[in-house]
Number of protein chains: 2
Amino acid sequence: MPGKSASASSAAASAADRAYTEIRGLILAGDATPGTPLREEALADIVGVSRTPVRDALRRLEAELYAVRTPGGRLVVADWNIDDVVEIFALRAMLEGHAAARAARRMTASQLAELRDCNAAIEAAAARPEPDIAGFLAGNRRFHDLVLAASASARLSTMLAGLVEQPIVRRTATRYDRSDLARSAHEHGQLIQAFAARDEEWARAVMTAHIRRALHAFQDASPSK
Amino acid sequence: MPGKSASASSAAASAADRAYTEIRGLILAGDATPGTPLREEALADIVGVSRTPVRDALRRLEAELYAVRTPGGRLVVADWNIDDVVEIFALRAMLEGHAAARAARRMTASQLAELRDCNAAIEAAAARPEPDIAGFLAGNRRFHDLVLAASASARLSTMLAGLVEQPIVRRTATRYDRSDLARSAHEHGQLIQAFAARDEEWARAVMTAHIRRALHAFQDASPSK
DNA sequence: GTTGCGGCTATTGTATACAAAAGCGCACGC
DNA sequence: GCGTGCGCTTTTGTATACAATAGCCGCAAC
C-alpha cells in the first residue's frame, strides 16, 4: 500500500474540504481512536488552517456520526460497536436497494454502457493471479456511484454519503480472496441484467442481497465478538 | 392559529439554533419562496446575530436539502416538485418502517405505556366535535418521536430528522376531516398491538402503510399537477 | 477519607475584519 | 445592434479576537 494519508486529496480544494478529508482520514486510519477528543484548535494546527474551516469539517463529521457530542458540547471520535456496523449495512441495503429500483426505471443506454465498462474493469482486477485489491475497491466504489447517479435522487445521494461505507468496505475487502471478488463482480453483472430489463424489483433484490452478503463477509472476517 | 413564526423556539437556545429555526421558519412559511437567495449577511440582520451562526444554520439546512447550492457557491431555497415529495414519503416509509421493526424488538413496558397514553391523547383530539388539529399534530409528532426513540438508533434519528416531514404533515392534516384523523389514530393502535406482540414485521408493515397512506392523502389534497 | 465548594484553565461559541472569487453592468469595438 | 471583455460590487471563504461556559483540580471541612 502506497501513500500516506489514505485517498489523495487534491490540494486545490477549499480549506474546509481539506480539513474534512484530513480529519476523517485520521479517524479511519486509526490515528484517532474512539473516544479521542476532537479539539478544534489542535486540529487546526494539524491541518494548517484556522478554526473556522475546522469547525465546518467537524459539523459534517458529526452529522455523519463519525463524531459524537458529549453533554458539554465537546466532540469525540465515535465508537461503533458491532451492532452499529450491522445497522449501517441494513440501512445501506435498504437505501441502495431503493436507489437500484429507481435506477432501473431511469437508466439510459449510455449509463448502462458505463456500468458494463466499469464492471469489466472490476472483473479484470479480480481475475489477476494476484488480485488488484485497490483497483477492485476503486471500481466497486465507482460502480455504486454510477448506480446512485442513475437513481437521480439528491436526497438518496446525500443520505448514502453519510452512511460511512468506505472504511468497512476496505476492512472487508482486504480479507477477500479471489473468489469473493469474482462473486461480487458476478452480482454486479446480475444488477446490470436487471437494469437492462428495467425490472425495478429485480434490481432492488439483487442490490439488497449484494450488500447483505457484504455484511456477512465482514462479520466472518471480524476477529471476534 | 396563534404565535408568529411557527413553532415556539425557546429563546434560551444558542444563536446558531435560533438562526436555524428562524430561517427554516421563513422557508416553511413561504416567506422565502423557492429560488430565493439565502444571503448570509441579510439573514444575520434578520435573526439578529452575526454571520458565523447563520453560516452554521445554512450548512444544516443545505444538508437537509431545504437549500441548494448554485454552481458559484451561493445558496438558494430549494424547489421541491411533486416527485421530490413522493420520494421523501417513500424514504420516510422505508426508514420509519425499519425504525418500527427495531422498536418492536426493543420496546419496554414503560415505552409501550407512553405510546398508549400518547395515542389516547391523539384520539381525544380527533374525536372532538371540532377536531383539534394542532393537538393532533403535536400528538402525532410525539408518537413518531417515541417510536424513533424506542428504535434506539442514532443513525436513524439523524437521517429522519433531515427528512423534512413537518411541513408536509401540516399541509396534509389541515385538510383532514375527522374520519381521517380517527383512521390515523386507529393505525397507531395497530402499531401498538404489533409492538405488544413484539412482531417486527407486523410493526414494519403497519408503519409503512401508515406513511404511504399519508402520501396519498397528501396527493389527493394537492391542488393539481 | 470523603465530599462539597471555589477558582482556574481549557474549549467551544460568537463577532468582526480581511481576502478571494463570482456575478453583473457598462463601455467599447466590430 | 450585438457580442465581448474589463472592472466594480456583492457575496462567500478564512482568519483572528473576544466572550461565555463547562470541566477539572485542589483545598478544606466534616
Side-chain angles (χ1 to χ4, degrees), chain A residues 9-27 31-79 158, chain B residues 9-27 31-79 154 158 161:
Chain A
S9 57
S10 62
S14 73
D17 289 341
R18 277 183 290 133
Y20 172 81
T21 304
E22 195 152 340
I23 296 168
R24 195 183 61 164
L26 290 175
I27 295 173
D31 293 343
T33 55
T36 305
L38 293 166
R39 281 173 284 106
E40 295 174 359
E41 194 157 6
L43 293 169
D45 288 345
I46 292 172
V47 180
V49 297
S50 79
R51 271 181 57 208
T52 309
V54 169
R55 279 177 68 81
D56 236 69
L58 288 177
R59 285 335 219 295
R60 286 173 60 186
L61 292 165
E62 182 191 358
E64 293 169 1
L65 293 182
Y66 283 104
V68 295
R69 198 164 280 273
T70 65
R74 288 151 156 82
L75 282 176
V76 299
V77 176
D79 183 18
T158 302
Chain B
S9 57
S10 60
S14 73
D17 289 341
R18 277 182 291 135
Y20 172 80
T21 303
E22 195 152 340
I23 296 169
R24 193 182 62 164
L26 290 176
I27 296 172
D31 293 343
T33 56
T36 304
L38 294 166
R39 281 173 285 106
E40 296 174 358
E41 195 157 4
L43 293 170
D45 288 345
I46 292 172
V47 180
V49 298
S50 78
R51 271 181 57 208
T52 310
V54 167
R55 278 178 69 80
D56 235 71
L58 288 176
R59 286 334 220 294
R60 287 174 60 188
L61 292 166
E62 183 191 358
E64 293 170 1
L65 294 183
Y66 283 103
V68 295
R69 199 165 280 272
T70 66
R74 286 152 159 79
L75 282 177
V76 299
V77 176
D79 183 17
T158 300

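Each chain gets a letter, A, B and so on, in the order the sequences are listed, and its residues count up from 1.
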Rounded distance [0.5 Å steps], CZ in R69(A) versus CZ in R59(A): 5.0 Å

Within residues 32-42 of chain A, residues whose heavy atoms come under 4.0 Å of DNA chain C: L38(A), R39(A), E40(A)

Distance, rounded to the nearest Å, where R69(B) contributes CZ and dG23(C) contributes P: 13 Å

Intermediate values then yes/no, side chain to side chain contact (heavy atoms under 4.5 Å, CB included), D17(B) and R60(B): CA-CA 10 Å; D17(B) 289 341; R60(B) 287 174 60 188; 3.3 Å; yes

Separation of dA15(C) C1' from R55(A) CZ (nearest whole Å): 12 Å

P53(A) vs T70(A), nearer the 5' end of DNA chain D by closest nucleotide: P53(A)

Protein-nucleotide distance (D45(B), atom CG; dT16(C), atom P), rounded to Å: 11 Å

Side chain to side chain contact (heavy atoms under 4.5 Å, CB included) between T33(A) and V77(A), intermediate numbers included: CA-CA 7 Å; T33(A) 55; V77(A) 176; over 6 Å; no

Under-4.0 Å side-chain N/O to phosphate OP1/OP2 contact, R51(B) with dA15(D): no

Under 4.0 angstrom between S50(B) side-chain N/O and dA15(C) OP1 or OP2: yes

Steps toward side chain to side chain contact (heavy atoms under 4.5 Å, CB included) verdict (L38(A), L61(A)): CA-CA 11 Å; L38(A) 293 166; L61(A) 292 165; 5.6 Å; no

Atom-pair distance (CG on L58(B); C1' on dT12(D)), nearest Å: 11 Å

Residue closer to the 5' end of DNA chain D, L75(B) versus G73(A) (nearest nucleotide): L75(B)

